[in-house]
S.K.: 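Okay, here's the structure, questions in a sec.
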There are 2 protein chains.
Amino acid sequence: MDKQQILSKNQQIIFDIIEKAKEPIKAYSILFNVQKKGIKAPLQVYRALDKLVEIGKIHKIESRNSFVACKNSNCQISKATAFSICESCEEVSEISDNKLSKYLESFQNKAGMKFKKYNLEFFGLCKKCSVK
Amino acid sequence: MDKQQILSKNQQIIFDIIEKAKEPIKAYSILFNVQKKGIKAPLQVYRALDKLVEIGKIHKIESRNSFVACKNSNCQISKATAFSICESCEEVSEISDNKLSKYLESFQNKAGMKFKKYNLEFFGLCKKCSVK
DNA sequence: TACATAATGTTATAATATAACATTAATTAA
DNA sequence: TTAATTAATGTTATATTATAACATTATGTA
């Protein structure tokens, strides 16, 4: 059983938006969505985002500057993330492939660097878009 | 033998800066560096960067919004990039590991998406920083 | 309680990136 | 070798993404 993180007010509001979005969402789009709830400033959003990323509830899609909820049901693997990104429709999905993560977690490079974390982004065309 | 790309004036100027830098360099830092050479506007830099990324002469470190010259001597694998990033000193190096790239190139996810490209960023402490 | 740590609120501003339009250079096809 | 096409450049303005700095309030812990 993993430690259930209790979110603060702003963190919860912002997490809910991201989770409902079902697609990557950008910080300023989140800001727009939460203005009716009293969150007015970018920094309030970014602070919540930072925390949510830190505890693994959401991930940042670096190549898109956008955020998605973690789909690996409750697991805290914010340290090992992999995504597939459709370059046509921009659909993003989190990859959870045990072999892949094992392989990458154990990867050691020649410089002897010890890794704590990785992020992998695959690009291509999703099924729908590759038919078009 | 791979096709030798001839760079335009701006592309060459900007590529030279990045190659000399030996560490990731940001777009506006490049801009500052090339102002004496007549390149005055961000867009001039970004356009050259886009092209250089496209032809694989440089890569973008997405998590850092910075750019490095490709170290895989002349090869055009801008489609398959992997880096190790030290979270302390921010040293970045390009990983060229045949096994790793073969593994990732052949990776197929469950949704049957066909990948054309990937980018992998490992994070940790480099040798120097892990001693401190 | 009191001390420490985390979260919030707010204003201003920094850093990163692109839109839109005009012009010039290089390539290619007739 | 000209005309047509495509690639690159120049320029101004502006959009987008992200953080600094400082004051305050809430929460957790000794």
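Keep in mind it's a predicted model, so treat the numbers as computed, not measured. Numbered from 1 within each chain, the chains take letters A, B, ... in sequence-line order.
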S.K.: Which residues within residues 23-45 of chain A lie with some heavy atom under 4.0 Å of an atom in DNA chain D?
M.R.: A/Lys26, A/Tyr28, A/Leu43

S.K.: Do NZ/NE/NH1/NH2 and the carboxylate oxygens of A/Glu91 and A/Lys128 come within less than 4.0 Å?
M.R.: no

S.K.: Which whole-number value in Å describes the distance from B/Ile6 CD1 to C/dA26 P?
M.R.: 12 Å

S.K.: Tell me whether the rings of A/Tyr118 and B/Phe122 are parallel (<30°), tilted (30 to 60°) or perpendicular (>60°).
M.R.: perpendicular

S.K.: Can you tell me how far P of D/dT12 sits from OH of B/Tyr46, to the nearest Å?
M.R.: 19 Å

S.K.: Which heavy atom of A/Cys126 sits nearest to which heavy atom of A/Cys86, and what is that distance?
M.R.: N-SG, 3.4 Å

S.K.: Over how many whole Å does the gap from A/Arg47 atom CZ to D/dT19 atom P extend?
M.R.: 12 Å

S.K.: Examine distances only and state if a side-chain atom of B/Gln44 and a backbone atom of B/Ile39 form a donor-acceptor pair shorter than 3.5 Å.
M.R.: no

S.K.: Please report, rounded to the nearest Å, how far the C1' atom of C/dA7 is from the CG atom of A/Asp50.
M.R.: 13 Å

S.K.: Any side-chain N or O of A/Asn65 less than 4.0 Å from the OP1 or OP2 oxygen of D/dA18?
M.R.: yes

S.K.: Is the shortest distance from a Lys or Arg side-chain nitrogen in B/Glu87 or A/Lys117 to a carboxylate oxygen in the other one below 4.0 Å?
M.R.: yes

S.K.: Within less than 4.0 Å of OP1 or OP2 of D/dT27, is there a side-chain N or O belonging to A/Ser8?
M.R.: no

S.K.: Just to confirm, is there a sub-4.0 Å distance from OP1 or OP2 of D/dA18 to any side-chain nitrogen or oxygen of A/Lys60?
M.R.: yes

S.K.: When the distance from CD1 of A/Ile13 to P of C/dG9 is rounded to whole Å, what number comes out?
M.R.: 8 Å

S.K.: CD1 of A/Ile17 to CZ of A/Phe67: how many Å apart, nearest 0.5 Å?
M.R.: 14.0 Å

S.K.: Enumerate the side-chain hydrogen bond (donor to acceptor under 3.5 Å, both in side chains) contacts for residues 13-25 of chain A, please, sequence neighbours excluded, ordered by first and then second residue.
M.R.: A/Gln12-A/Asp16

S.K.: Can a side chain N or O of B/Asn10 be found less than 4.0 Å away from OP1 or OP2 on D/dG10?
M.R.: yes

S.K.: Grab the CG-P distance between B/Leu49 and C/dT18 for me, whole Å please.
M.R.: 10 Å

S.K.: Figure out the NZ/P separation between A/Lys9 and D/dT27, and round it to whole Å.
M.R.: 10 Å

S.K.: Rounded to whole angstroms, how far apart are CD on A/Gln11 and C1' on D/dA26?
M.R.: 13 Å

